Amino acid sequence: MKKLFYLLAIIILFPSCATILNGKYQKVTIKTDSKTEILINGEKVNTENGKYIFKRDGKTIEITAKREGFKDEHVTVMQCNKSPWYIVSWIPFIGLSPLVPACDDGVKSRNYEKEIKIGDSMITLPQKNAEAKKIKLNEFIVDLQVDSIKYRYFPSYRSYKKNENKIAISRKNEKIKIENPIFSDVLNNLLKEKGYIDTTNKVLKGNYSDNLLINATITGYTIHWVNNSSSLFSGMVYVDLAINWQALDYYKIPVFLLKTKTKSGQFALMNKDKYEKCMFNATKDAMEYGFIEFMNSKDLSDLLYDKSQLQLEDSYKRIVIPKSTSYVASLSEAIKSSVSIKNKNGHGSGFIISNDGFVITNYHVISDTTAMKVVMYDETEYDVKIIRVSKINDLALLKIDAKILAPFKISESKNIDIASDIYAIGTPSSLDFSQTLSKGIISAVRKTSDNSKLIQTDASVNAGNSGGAIVDKNGLVIGVVSSKLKGFGIEGVAFGIPGYEIISKLKISIE
C-alpha cells in the first residue's frame, strides 16, 4: 500500500515540482547607467539589494530607461528560460512519458533572464542654441505601397530570440492606417520641446536666414509581433520604419534629403484592447529615432548654422540704375508699366523701374526659374535675366531687353502716411487677370522679428499679386506686395515691403 502511495505522490508532485518549488518571484539585475531611471510597466518600483523583483505570472514586462536630455529606451521581456526544476519534473519518468502526466509547464516553471542591459545606446536630440535656425514641419506624408508593408510573427519569445534577423514576410493587400496629423503633432512637439519652434504668437516673424522647413514621408513599414505563449492576448510589438526626410529653405526649395531606416523600442501588449495604442507607441518611437538621426546629420547641422546668404548680401556692391526721363504719373500709366512673371509652375507680379528694362519683384516669385518669362501689359513676352536677389528680404532685381517710356519711380521716404489711399497692381489668381488694380488704405506700419518694416494694407491681394507695386494715386511706388511669406495664415490683410527698403536691401541707386 505504501509503495502505491509513494508512486502516486511521485506521479502527482514531480510533474509540478517546478511550479511548487521555483517561487512566485524572481530577482533580476538591470544593468544601466547610474543617471538612468528605470520604470517597470510605466511605474517606478523599489529594488531589493539592487535587484528588481519580477513576478512569475507569465505576463509581459516592459522596461523603460529614462535619462535627462536623452530619448527614452524601451525593452520588453518575457519568461522564456526553463527552470532547473523543470528538468527535475521529468527525469523520474524518462521512458515512461506515455504513462505519466506531461512535465510541468506552468508559468512559474519559466524564468526571466537573470541580467538585462538597457540604456547603453540612448541618443540625444541637439538642443537649439541662439544661433541655430528655427524649424517648422511643412508636410508629413504616408506613402506606403503594398510591397513596402511587411509583417513578422513569432509564436513565442524564444522563437523571436532565435530568429530575430529572419527576413520579413510581405502580407499582400494589407491596409495600415496611420493618422498623419497625429505624427505631425509628435514631431512638432519634439521640436517645441528642444526649442526649435518659435512659440511666440507673433505673425510677422521669420526670414530666410533664420528658418528651415521639413518634409517627412513614410515609405516602409514592418510590424514585428512576438507572442507571449504563457499569457492569452499578450506579447510585444516593435516596428521598423523607413522615412524620407527633406529639409527645405524658407521658400520651400529642397536643400537636403536623408533616408532613414530605424527600429522602435519594444512595447508590451497586455491585452487585445490595447493593440492600437501599442502600435501607435511603437510607430511613434521609430519615427522619433529617424527624426533624431536626421537632426544629428552633419548636413542638417551645417544648414542650421549657415549664415552664408547674410554674408553674401552684406558684400553686395551698389548697382547704379540710370534715371528715367519720365516716370509713371497716373494709375493708367502704372498699369502699363506693371508686368506678370510666369514660370512652369505658376506666376507672380512685378514692375519696371527704368527705361532700359530693370524690374522689381519678390524673390519667391522667381525662385523657380523654369521657363521663366516676363509678360507685358500688351502680352508681349520677354526672356529675363536675374541681376540680384535678396533671399533674406524677399526681393529681386531683374532685367529684360525692352524700352519703356514711363517706368515707376520708387519713393525713398521713410514717412509713410497711415490711412492714406493706396493701390495694389498685380496679377491675382490667373494670368487672365493681369494688371488688376485694387484699392485700400495703409492700415499700419509693422516691425518684423528682424527689425525691418512692413506696410499693412486692406487692399485685396492674393498670391499672384506678390511682387506687384503698391502705389499712391499718382503711381509713385510706396512698396512691393509680399503678403504670402510675411503674413502666414492671414486673410483680409496684406503686407508690402516699403520703397526705401527695396533700394537699401538690393543696394541699388537711381542716378
Side-chain angles (χ1 to χ4, degrees), residues 207-209 249-251 253 308-324 327-328 334 337-343 346-370 372-376 381-404 406-412 424-427 452-455 464-471 475-486 495-511:
N207 61 35
Y208 179 86
S209 62
D249 70 13
Y250 184 67
Y251 299 101
I253 305 299
S308 59
Q309 185 64 31
L310 188 60
Q311 294 164 359
L312 173 64
E313 294 187 23
D314 283 344
S315 70
Y316 282 161
K317 303 298 182 184
R318 191 157 297 278
I319 294 175
V320 176
I321 295 175
K323 268 189 178 180
S324 175
Y327 287 101
V328 166
S337 292
S338 295
V339 300
S340 301
I341 302 171
K342 68 175 185 177
N343 57 35
H347 76 276
S349 304
F351 55 95
I352 299 171
I353 63 168
S354 72
N355 294 121
D356 56 350
F358 279 100
V359 178
I360 295 292
T361 187
N362 291 141
Y363 169 74
H364 74 265
V365 171
I366 56 95
S367 59
D368 181 358
T369 59
T370 309
M372 188 166 68
K373 298 282 186 179
V374 166
V375 185
M376 304 295 288
E381 295 187 3
Y382 289 92
D383 292 332
V384 56
K385 182 179 180 181
I386 298 172
I387 304 300
R388 174 168 290 174
V389 302
S390 174
K391 294 182 180 181
I392 294 171
N393 298 285
D394 192 24
L395 291 167
L397 177 66
L398 314 178
K399 182 72 167 58
I400 59 173
D401 187 13
K403 298 299 180 184
I404 309 300
F408 282 95
K409 184 176 183 179
I410 300 174
S411 171
E412 297 186 49
I425 309 171
T427 307
S452 60
K453 298 290 182 66
L454 287 177
I455 298 169
N465 283 94
S466 293
I470 298 173
V471 302
L476 179 67
V477 174
I478 307 299
V480 55
V481 175
S482 184
S483 60
K484 292 302 172 182
L485 288 177
K486 289 289 187 179
F495 295 96
I497 301 168
Y500 66 85
E501 292 224 359
I502 299 172
I503 300 293
S504 65
K505 300 303 183 183
L506 286 173
K507 292 190 178 178
I508 60 179
S509 208
I510 301 175
E511 300 176 3

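This is a predicted model, so every value here is computed, not measured.
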> Under the side chain to side chain contact (heavy atoms under 4.5 Å, CB included) criterion, do Tyr316 and Arg388 qualify, and how do the steps go?
Replying inline: CA-CA 9 Å; Tyr316 282 161; Arg388 174 168 290 174; 3.5 Å; yes
Straight-line distance of [X] [atom1] to [Y] [atom2], nearest 0.5 Å:
X	Y	atom1	atom2	answer
Met372	Ser367	CE	OG	9.5 Å
Ile410	Glu501	CD1	CD	12.5 Å
Ile503	Ile360	CD1	CD1	7.0 Å
Ile341	His347	CD1	NE2	10.5 Å
Leu506	Leu395	CG	CG	5.0 Å
Tyr208	Glu313	OH	CD	9.0 Å

> Does CG in Asp401 sit with more than 12 non-hydrogen atoms of other residues, nucleotides or ligands closer than 6.0 Å?
Replying inline: no
> Got a sec: does the NZ of Lys453 have more than 12 other heavy atoms crowding it under 6.0 Å?
Replying inline: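 Result for NZ/Lys453: open.
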Contact summary for [X] and [Y], nearest pair of heavy atoms:
X	Y	result
Asn355	Pro407	ND2-CD, 3.5 Å
Gly357	Ile352	CA-CG2, 4.3 Å
Asp394	Ser482	OD2-OG, 2.9 Å
Asp356	Lys399	O-NZ, 2.6 Å
Ser466	Val365	O-CG2, 3.4 Å
Gly467	Asn362	N-OD1, 2.7 Å

> Distance-only, no hydrogens or angles: does the Asn343 side chain make a donor-acceptor pair with backbone N or O of Gly346 under 3.5 Å?
Replying inline: yes
> So, Lys409 side chain and Ser324 main chain: donor-acceptor pair closer than 3.5 Å or not?
Replying inline: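 Not a single qualifying donor-acceptor pair exists.
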How would you list, by chain and number, every residue that makes a side-chain contact (heavy atoms from CB on, under 4.5 Å) with [X], sequence neighbours excluded?
X	value
Ile321	Ile319, Ile353, Ser354, Phe358, Leu397, Ile508, Ile510
Val375	Ser340, Lys342, Glu381
Ala334	Val328, Phe408, Ile425

> Going through the distances and angles, do Ile400 and Met376 end up as a side chain to side chain contact (heavy atoms under 4.5 Å, CB included)?
Replying inline: CA-CA 11 Å; Ile400 59 173; Met376 304 295 288; 4.0 Å; yes
>> Checking Ser349 against Asn465: is there a side-chain donor and acceptor pair closer than 3.5 Å?
In response: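 Looking only at side-chain atoms, Ser349 and Asn465 do not form any donor-acceptor pair under 3.5 Å.
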> side chain to side chain contact (heavy atoms under 4.5 Å, CB included) between Ile366 and Leu398: does it pass, once the steps are laid out?
Replying inline: CA-CA 9 Å; Ile366 56 95; Leu398 314 178; 4.0 Å; yes
>> Run Ile470 and Val477 through side chain to side chain contact (heavy atoms under 4.5 Å, CB included) and show every step you take.
In response: CA-CA 6 Å; Ile470 298 173; Val477 174; over 6 Å; no
> Of all residues at least two apart in sequence or in a different chain, which pass the side chain to side chain donor-acceptor pair (under 3.5 Å) check with Ser209?
Replying inline: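 With neighbours one apart ignored, the set is Asn207.
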> Among all residues two or more places apart in sequence or in another chain, which pass the side chain to side chain donor-acceptor pair (under 3.5 Å) test with Thr369?
Replying inline: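 With neighbours one apart ignored, the set is empty.
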> Taking only residues two or more places apart in sequence, or in another chain, which ones meet Lys373 in a salt bridge (Lys or Arg N to Asp or Glu O under 4.0 Å)?
Replying inline: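 By the salt bridge (Lys or Arg N to Asp or Glu O under 4.0 Å) rule, Lys373 matches Asp383.
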> Mind checking whether Tyr363 and Tyr251 have parallel, tilted or perpendicular rings, split at 30° and 60°?
Replying inline: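 Ring orientation of Tyr363 relative to Tyr251: perpendicular.
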